[in-house]
Amino acid sequence: MPNKSRISDLAIFGGHPAFADKLHVGRPNIGDRRAFADRMDDILDRRWLTNAGPFVQEFESRVAELAQVRHCIAMCNATIALEIAIRALELKGEVIVPSFTFVATAHALEWQGITPVFCDIDPRTHNIDPAKIEGLITERTTAIIGVHLWGRACNIEALARLAKRHSLRLLFDAAHAFGCSYSGEMVGGFGEAEVFSFHGTKFVNTFEGGAVVTNDDELAERVRLMKNFGFAGYDRVVYVGTNGKMSELSAAMGLTNLESLDKFVAINRENYRVYYQELSNLKGIKFTSYDEGERCNYQYISLEIDETQTGISRDELMEILWAENVLVRRYFYPGCHRMKPYADRPIGPLPETDRVARSILVLPNGTTVTLEDVRTICNLIKFALENGESVLSALRREKMTIGSPGASV
Ligand SMILES: *Cc1c(COP(=O)(O)O)cnc(C)c1O
């Protein structure tokens, strides 16, 4: 695809889209399909489809090993894993969480009659701001849930100190952070427990899947019981539980993908490097960078667009890119506190969450995105920003003509 030279070359103004096929954020990373097919045959030969089968057991030990943690309990998805971890920790009343996260973090509490209390984020990290937590603690508060957004670990040290001082439990939604480290230690063993997601869009997927990881033997035992209806043996139920089991097919996918983990990271990282080179110095763009001293999966490429400097708003840039078939996303706009049912409640001001949610844009990455794709995306963004004023006036002219009869552009 030749570079765009005039603004009429942009697809939004009638030019050819830069990509013939849609580029998605979170297109699945898939390992060796022969290896997966062989495992699928094994499952069918064994006729052991679920209930702690050999692949689930193997997947659990591989995940525990990679995350350097004693226990991994694999589950059907991370939302159920969060719900079970919350229940096994006997949380109640109010739990402090960031609003700038996928809505499942808040829903996992609300679903069980626990009130999520939203805390603002640190604008430098996009993670929960430890300095804003104390003001939210009441006599009903039982825990803090940190989210390692984009795979960049929370300020775990500060959160652990706060939790200790106020006798609160500490749990981490590590849905983004499989394969990432904090101060050189793998994410997985921090707080009382951490929860990974292996959803199709995540760095490592099991189609749908998740896991609770923890170093607490008793907690692990409770979680294991709860995800299997509370069964402690044949005909012996010792707990109220639910069905959170991972199937053998999912574990087969997980094991296959784990074999390609290093390759996934290498591709993500190369793409990240080019995105960083091309975009991090642009005026009005704040590029979310990763600490080279830590392990990271480099799955998320996110930018903040400061409209006062770029001229073009985040949403306008998004429209331009969508027309080019680059389906960038506004994660996690508008923030949980602006979604139902939370939006109906009196919730304190979250200025940083609101600002980041208004300016964030997540770009495609993963093993299906080539370096050439990355360069094309970067060129589109640079072109739109460099020609900001004329792009804007053309966009606004186009909007005005829409709906006026007989108008043509
Ligand atoms: C994806 C995600 C979840 C939910 O994971 P599922 O496996 O889809 O249930 C929870 N929290 C965050 C931050 C996520 O990104």
Side-chain angles (χ1 to χ4, degrees), residues 24-29 56 59 63 72-87 95-112 114 116 118-119 121 125-128 143-154 159 171-180 187-188 190-191 193-213 223 227 242-247 249-251 253-254 257 288 296-302 329-337 339 342 353 356-357 360 362 365-366:
H24 293 272
V25 172
R27 196 136 188 252
N29 297 325
V56 165
F59 181 67
V63 168
C72 167
I73 301 102
M75 297 201 205
C76 54
N77 62 58
T79 306
I80 295 286
L82 272 169
E83 286 172 13
I84 291 179
I86 286 162
R87 194 151 179 139
V95 170
I96 296 169
V97 290
S99 170
F100 195 62
T101 176
F102 183 59
V103 74
T105 320
H107 278 357
L109 293 162
E110 182 74 15
W111 189 254
Q112 314 190 66
I114 301 164
F118 296 114
C119 182
I121 50 171
T125 64
H126 298 173
N127 284 329
I128 192 166
I144 302 167
I145 300 181
V147 181
H148 306 307
L149 215 73
W150 319 133
R152 301 192 304 179
C154 297
L159 294 176
L171 178 64
F172 291 103
D173 176 341
H176 295 184
F178 184 62
C180 303
V187 165
F190 296 107
E194 306 205 56
V195 173
F196 293 127
S197 172
F198 303 114
H199 180 252
T201 58
K202 301 303 205 276
F203 168 57
V204 166
N205 84 83
T206 60
F207 296 101
E208 288 268 5
V212 174
V213 285
V223 168
K227 72 110 176 48
T242 183
N243 183 354
K245 288 170 288 165
M246 176 179 273
S247 78
L249 189 66
S250 284
M253 184 67 159
N257 287 333
T288 305
C296 185
N297 60 40
Y298 297 93
Q299 178 80 356
Y300 298 95
I301 306 292
S302 67
R329 300 294 301 271
R330 304 185 289 189
Y331 295 140
F332 287 98
Y333 175 82
C336 298
H337 67 299
M339 292 177 174
Y342 318 110
T353 301
V356 177
I360 198 89
V362 179
N365 198 17

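The basis for the numbers below is simple: all heavy atoms, side chains too, and nothing from hydrogens, waters or symmetry mates. Numbering starts at 1 and runs along the sequence shown. Just so you know, ligand 1 is whichever comes first in the structure, and atom 1 is the first atom listed for that ligand.
Near D173, meaning under 4.0 Å from any of its heavy atoms, are these atoms of ligand 1: 10 (C), 11 (N), 12 (C), 13 (C). Counting atoms of ligand 1 from 1 in the listed order, those under 4.0 Å from a heavy atom of N77 are 7 (O), 9 (O). Using a 4.0 Å cut-off to heavy atoms of T101, the atoms of ligand 1 that qualify are 13 (C). Annotation for ligand 1: atoms under 4.0 Å from non-hydrogen atoms of G209 are 7 (O). Counting atoms of ligand 1 from 1 in the listed order, those under 4.0 Å from a heavy atom of T105 are 11 (N).
Closest to atom 15 (O) of ligand 1, if we only count protein heavy atoms, is H176 NE2, 2.8 Å. The protein non-hydrogen atom at the shortest distance from atom 3 (C) of ligand 1 is F102 CD2, 3.6 Å. With hydrogens left out, the protein atom closest to atom 1 (C) of ligand 1 is K202 NZ, 1.7 Å, a heavy atom. In terms of protein heavy-atom proximity, atom 4 (C) of ligand 1 is closest to T79 OG1, 3.6 Å.
In terms of polar-atom proximity, H199 is not counted as a contact of ligand 1, lacking any N or O under 3.5 Å from an N or O of the ligand. For E208, no nitrogen or oxygen atom sits less than 3.5 Å from a nitrogen or oxygen atom of ligand 1, counting backbone and side chain alike.
Checking H148 against E194 by side-chain atom types alone, a donor-acceptor pair falls below 3.5 Å. With no hydrogens or angles considered, no side-chain donor-acceptor pair links S197 and H199 at under 3.5 Å.
When heavy-atom distances to ligand 1 are checked against a 4.0 Å cut-off, A175 comes that close only through its side chain, counted from C-beta outward.
Ring to ring, F172 and F190 are not that close: their centroids are 6.0 angstrom or more apart. Between Y342 and H107, a ring centre-to-centre spacing shorter than 6.0 Å is recorded. Close placement of the F59 and F198 rings is indicated, their centers lying within 6.0 Å of each other.
Environment of CZ in R27: sparse, with no more than 12 heavy atoms of neighbouring residues, nucleotides or ligands closer than 6.0 Å.
With rounding to the nearest 0.5 angstrom, the CG atom of D173 is 7.5 Å from the CD1 atom of I145. Annotation: the span from F196 atom CZ to T206 atom OG1 amounts to 13.0 Å, rounded to 0.5 Å.
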